[in-house]
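Down below is the structure, laid out as structure tokens.
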Amino acid sequence: LREQKNNLESQLSHVSVELDTLRRGEHTTNEQFETRIMTLQADYSAAQSRIAELESSLHQVQDDLAALAKLKEECSVLEQNQADSAAALQSQQQQFSSELQDRDSKIEQLNAQLAGLLSTQDESTSGIS
């Protein structure tokens, strides 16, 4: 009976040691899990901050693209206005050139008439003298 008692006490001591070891291991594991959970929470928080930054950047890029599209549209309108102005200017230049040619032609005609009149006057004047 004594031997059984000693044997049981020895087993109880061994079980107690194992139980203490398991409790310490459980405590260490719990601490590791808590540390990992805190790390994951910090990573999640950092990821949320980064997502907010990226969303803000995305909105800025979208605003910039909208502004760029508006500028492209304005540029297109200006290019069309420039083309229209160039065409109108070319038309005016052609009209002025034609008017100048007409004027030069009339001046030549008038010069010819004047020369003829002067020639007739010279002949008249020289016949009188």
Side-chain angles (χ1 to χ4, degrees):
L1 199 60
R2 205 177 265 216
E3 198 176 302
Q4 262 185 335
K5 180 184 171 200
N6 286 339
N7 203 9
L8 285 174
E9 284 177 351
S10 172
Q11 286 177 351
L12 179 62
S13 174
H14 184 343
V15 168
S16 292
V17 168
E18 283 186 32
L19 187 57
D20 284 344
T21 302
L22 288 173
R23 283 186 185 143
R24 276 181 283 174
E26 179 184 17
H27 180 72
T28 301
T29 301
N30 283 342
E31 286 178 350
Q32 288 173 344
F33 280 133
E34 287 173 4
T35 300
R36 182 67 180 140
I37 287 170
M38 289 189 312
T39 301
L40 290 172
Q41 286 173 336
D43 290 348
Y44 179 77
S45 179
Q48 283 183 317
S49 294
R50 182 66 179 141
I51 288 169
E53 289 173 12
L54 291 173
E55 285 176 343
S56 176
S57 294
L58 175 62
H59 291 304
Q60 183 61 46
V61 167
Q62 288 171 334
D63 291 346
D64 291 347
L65 286 174
L68 181 60
K70 185 176 180 182
L71 287 174
K72 282 183 177 180
E73 184 178 320
E74 288 176 14
C75 186
S76 178
V77 168
L78 290 173
E79 286 173 345
Q80 184 60 48
N81 288 346
Q82 182 183 20
D84 293 346
S85 295
L89 180 60
Q90 185 176 12
S91 175
Q92 283 181 349
Q93 285 175 338
Q94 288 172 348
Q95 182 181 354
F96 289 150
S97 178
S98 176
E99 288 174 5
L100 284 174
Q101 286 176 354
D102 289 346
R103 186 194 69 162
D104 289 346
S105 177
K106 285 181 184 179
I107 288 173
E108 286 178 20
Q109 287 174 357
L110 290 173
N111 280 337
Q113 287 177 356
L114 181 59
L117 288 174
L118 287 175
S119 171
T120 304
Q121 183 182 13
D122 282 346
E123 289 174 10
S124 297
T125 309
S126 59
I128 296 177
S129 350

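Numbers here simply count residues along the sequence, with the first being 1. What you are looking at is a predicted structure, and each value in this text was computed from that prediction instead of being measured.
Between Lys70 and Glu73 no salt bridge is recorded (no basic side-chain N to carboxylate O distance below 4.0 Å).
Side-chain atoms of Ser97 never come within 3.5 Å of backbone atoms of Gln93 as a donor-acceptor pair (strictly under, hydrogens ignored). No donor-acceptor distance shorter than 3.5 angstrom exists from the side chain of Ser91 to the backbone of Ala87, with no hydrogens or angles considered. Side-chain N or O atoms of Ser98 include none that pairs as donor or acceptor with a backbone N or O of Gln94 at under 3.5 Å. Of the possible polar contacts, none joining the Ser119 side chain to the Ala115 backbone as a donor-acceptor pair under 3.5 Å is found. In this structure, Thr29 contributes its side chain and Gly25 its backbone to a donor-acceptor pair below 3.5 Å. Of the possible polar contacts, one joining the Thr28 side chain to the Arg24 backbone as a donor-acceptor pair under 3.5 Å is found. Ser56 contributes no side-chain N or O that, together with a main-chain N or O of Ala52, makes up a donor-acceptor pair within less than 3.5 Å.
Between the side chains of Gln80 and Asp84, at least one donor-acceptor pair of N or O atoms lies under 3.5 Å. For the residue pair Asn7 and Glu3, no side-chain donor N or O sits within less than 3.5 Å of a side-chain acceptor on the partner. No donor-acceptor contact under 3.5 angstrom links the side chains of Gln109 and Gln113, judged on distance only. In summary, the side chains of Glu18 and His14 do present a donor paired with an acceptor at a separation below 3.5 Å, with no hydrogens or angles considered.
Within 6.0 Å of CD in Gln11 there are more than 12 heavy atoms belonging to other residues, nucleotides or ligands. Annotation: Gln62, atom CD; neighbour count of heavy atoms from other residues, nucleotides and ligands within 6.0 Å is above 12. Within 6.0 Å of CD in Gln82 there are 12 or fewer heavy atoms belonging to other residues, nucleotides or ligands.
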Run the side chain to side chain contact (heavy atoms under 4.5 Å, CB included) check on Val17 and Thr21 step by step: do they pass? CA-CA 6 Å; Val17 168; Thr21 302; 4.2 Å; yes
Does the pair Ile107 and Asn111 meet the rule for a side chain to side chain contact (heavy atoms under 4.5 Å, CB included), with working shown? CA-CA 6 Å; Ile107 288 173; Asn111 280 337; 3.6 Å; yes
Would Gln32 and Thr35 count as a side chain to side chain contact (heavy atoms under 4.5 Å, CB included) here? Give the steps. CA-CA 5 Å; Gln32 288 173 344; Thr35 300; 5.7 Å; no
Apply side chain to side chain contact (heavy atoms under 4.5 Å, CB included) to residues His27 and Asn30 and explain how you reach the verdict. CA-CA 5 Å; His27 180 72; Asn30 283 342; 5.5 Å; no
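Between the CD atom of Glu99 and the CD atom of Gln92 there is a distance of 10.0 Å, given to the nearest 0.5 Å. Interatomic distance, OH of Tyr44 versus CD1 of Ile51, reported as 7.5 Å (0.5 Å rounding). For the atom pair CG of Leu110 and NZ of Lys106, the computed distance is 9.0 Å after rounding to the nearest 0.5 Å. Here the CG-CG distance, from Leu1 to Asn6, works out to 10.0 Å after rounding to the nearest 0.5 Å. One finds the CD atom of Glu79 at 6.0 Å from the OG atom of Ser76 (value rounded to the nearest 0.5 Å). Here the CD atom belonging to Glu55 is positioned 11.5 Å from the CZ atom belonging to Arg50, to the nearest 0.5 angstrom.
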